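These notes concern the structure reproduced below.
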Amino acid sequence: MASSATFRFDNSFARELQGFYVPWRPDAVPAPRLLFLNDSLAAELDLDVTALDGHAGAATFAGNALPDGAEPLAQAYAGHQFGGFSPQLGDGRALLLGEVIDRHGRRRDIAFKGSGRTPFARGGDGKAAVGPMLREVLLGEAMHALGIPTTRALAVAATGEPVNREQTLPGAVLTRVAASHIRVGTFEYFAARGDVQRVRRLAEYSIARHDPALGSAAQPFLALLQSVAERQAALIANWMNVGFIHGVMNTDNMAISGETIDYGPCAFMEAYDPATVFSSIDHGGRYAFGQQPEIACWNLARLAEALLPLLADDVEQAVAMATEVVATFPVQYRGHLLRGQCAKLGLRHGEAVDDSGDAALAEDWLALLQAERVDFTLGWRRLADVAAGDESPLRALFADARAPDEWLARWRVRCASEDGSAPAGAATAGMARAEAMRSVNPSVIPRNHRVEEALAAASDEDDLVPFRRLLDALTRPFEELPELAQYAEPAPSEVTACYRTFCGT
Ligand code: AMP
Ligand code: MG
């Protein structure tokens with residue numbers, strides 16, 4: 001049974017990249033039921049929301065009724081997982097249905113996750129559970145609302161089928177929208193097989209799709225590497241400035257589009273500590289919060305290796321070219337990080353006589369939060385109150401209310417260097433600064449205890465009300481309203497200390 005032509009598919013991956021995938025069909029499921037439909041994203045994709053709500057939508061998003069024009073396929077990819085190379089991963093439980101051009105003219109992938117085993121499934125059952133799929137909705141929509149590039153959830157449909165994990169869980173299929181699903185690991189798959197022709201094909205396709213301007217560059221493949229580096233540097237800086245821990249930054253989970261992808265064991269940090277790890281499988285802390293910039297650079301080096309044969313005939317020359325790009329990553333990253341930090345501090349980046357002074361100011365602020373175990377999100381948010389003239393909310397976050405004195409004095413001097421000298425001018429500048437700071441320092445983030453509470457209600461009790469309320473709060477992260485206050489509060493520290501996230505596979 002095919003549903004109405006709701007998606008206007010134009011499937012360039014299927015058309016142009018034969019040999020990069022296996023055509024495959026989703027499993028039929030017994031009792032499709034729509035749990036979530038992202039109306040605003042559907043509108044962006046020019047979809048007919050009324051046609052996709054109710055039974056028809058449930059059948060479509062559970063995989064029972066493929067939309068016209070879909071050409072479902074499982075993509076091949078490899079990946080470095082926790083540092084070790086797996087030459088064959090691929091979409092074990094995911095399918096790319098095809099691509100659509102959105103209202104802004106951007107090409108977007110429409111893909112299922114949890115739609116059944118594929119030839120890449122290895123030992124897996126190909127299925128997904130309601131909890132982890134709704135988790136991807138919450139975290140992805142939160143990231144989007146924070147202005148951070150991310151894949152997004154279009155829909156989640158319950159399948160009516162039990163999924164066996166440590167417990168038996170209700171099954172679900174997620175429909176994911178992405179700029180593309182090309183990963184560092186996609187390049188590695190063909191590079192590891194010595195298939196230079198396909199590495200070149202994939203690089204050409206990637207340029208056409210993500211960096212069309214580079215097509216005419218003198219060194220298009222080197223420029224592609226540079227462009228991916230730039231996007232990754234910006235992305236990781238964004239993560240670091242909101243306290244996001246991806247949790248499993250394997251090269252198969254790094255999209256060359258620069259979008260955050262694969263919301264598995266990810267979580268937001270509460271009390272600031274760069275060593276924070278939540279993932280139950282990250283025993284060595286490889287993907288701890290503070291490790292993320294280095295890991296992103298390491299992953300970029302794996303992409304560079306895969307591209308080497310395209311860069312120059314002479315191996316040494318190719319290595320030198322790639323190394324130069326990889327070496328610039330930390331510099332780009334620090335630039336993005338500092339730009340974000342200056343905005344969070346209420347400072348106009350680039351106006352300081354010496355940037356290193358601002359970098360030190362930001363570093364010392366973080367050191368202060370860490371030493372006093374202050375909540376990362378609230379620490380920044382309450383600094384905006386100080387700019388507005390009220391210090392008490394910030395001081396209340398510290399066990400010793402005087403602990404921030406010295407740092408605040410330095411910050412004030414730096415702020416004053418941007419403001420007028422008259423007291424009235426300073427007050428106006430303070431209010432404007434507070435407003436600017438509140439537009440970049442969120443009040444509401446996906447607090448771990450709130451996420452767990454919402455998912456437990458949905459998965460165990462079939463009650464989606466807490467999920468919907470939380471989602472609504474997460475889409476307004478910069479608003480500070482009484483009805484959102486419960487979502488802004490940190491978890492009790494005992495809860496955070498024991499908090500573990502799971503891949504949900
Ligand atoms: P992830 O940890 O979700 O990034 O997945 C890593 C690899 O395992 C990918 O190739 C996935 O497609 C595959 N995988 C994860 N869970 C399952 C599952 N339940 N069934 C089949 N393959 C899976
Ligand atoms: Mg993955």
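Just so we're clear, the structure is a prediction, and the values are computed from it rather than from any experiment. Heavy atoms only: backbone and side chains are in, while hydrogens, waters and symmetry mates are out. Nothing fancy with the numbering, it's 1 onward along the sequence. Order of listing sets the numbers, starting from 1, for every ligand and every atom in it.
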Are the side chains of Ile445 and Val242 in contact, using a 4.5 Å heavy-atom criterion?
no

So, is Gly92 polar-close to ligand 1, with some N/O to N/O distance under 3.5 Å?
yes

What residues, two or more places apart in sequence or in another chain, satisfy salt bridge (Lys or Arg N to Asp or Glu O under 4.0 Å) together with Glu294?
none

Close approach of Arg165 to ligand 1, heavy atoms, under 4.0 angstrom:
yes

Looking at Asp262, Asp125, Asn253, the heavy atom closest to atom 19 (N) of ligand 1 belongs to Asp125

Only counting residues at least two apart or in another chain, list the ones meeting ring-ring contact (aromatic ring centres under 6.0 Å, His included) with Phe329.
none

If we only count heavy atoms from C-beta on, is the Phe244 to Ile148 side-chain gap below 4.5 Å?
no

Of the choices Arg93, Lys113, Arg183, which has the non-hydrogen atom that lies closest to atom 14 (N) of ligand 1?
Arg93

Is ligand 1 less than 4.0 angstrom away from at least one heavy atom of Val248?
no

Any heavy atom of Arg122 closer to ligand 1 than 4.0 angstrom?
yes

So is Gly90 in contact with ligand 1, going by heavy-atom distances below 4.0 Å?
yes

The salt bridge (charged side-chain N to carboxylate O under 4.0 Å, His left out) partner of Asp125 among Arg117, Arg165, Arg93 is Arg165

If we ignore angles and hydrogens, is there a donor and acceptor under 3.5 Å between the side chains of Asn250 and Tyr287?
yes

Student check: side-chain heavy atoms of Glu204 and Arg209 closer than 4.5 Å:
no

Between the side chains of Glu188 and Arg302, is the shortest nitrogen-to-carboxylate-oxygen separation below 4.0 Å, so that they form an ion pair?
no

Lys/Arg-Asp/Glu bridge criterion (N-O < 4.0 Å) met for Arg373, Glu270:
no

Interfacing atoms of ligand 1 (cut-off 4.0 Å, heavy-atom, Gly126)
18 (C), 19 (N), 20 (N), 21 (C)

Out of all atoms in ligand 1, which are within 4.0 Å of some heavy atom of Tyr77? Include the element for each.
9 (C), 10 (O), 12 (O)

Quick one: name the protein N/O/S atoms under 2.8 Å from the Mg ion (ligand 2), chain by chain.
Asn253 OD1, Asp262 OD2

Gly264: heavy atom below 4.0 Å from ligand 1, yes or no?
no

List in chain and number order the residues that pass salt bridge (Lys or Arg N to Asp or Glu O under 4.0 Å) with Arg231, two or more places apart in sequence or in another chain; answer none if no residue qualifies.
Asp211

Short side-chain donor-acceptor distance under 3.5 Å, Glu71 and Asn11:
yes

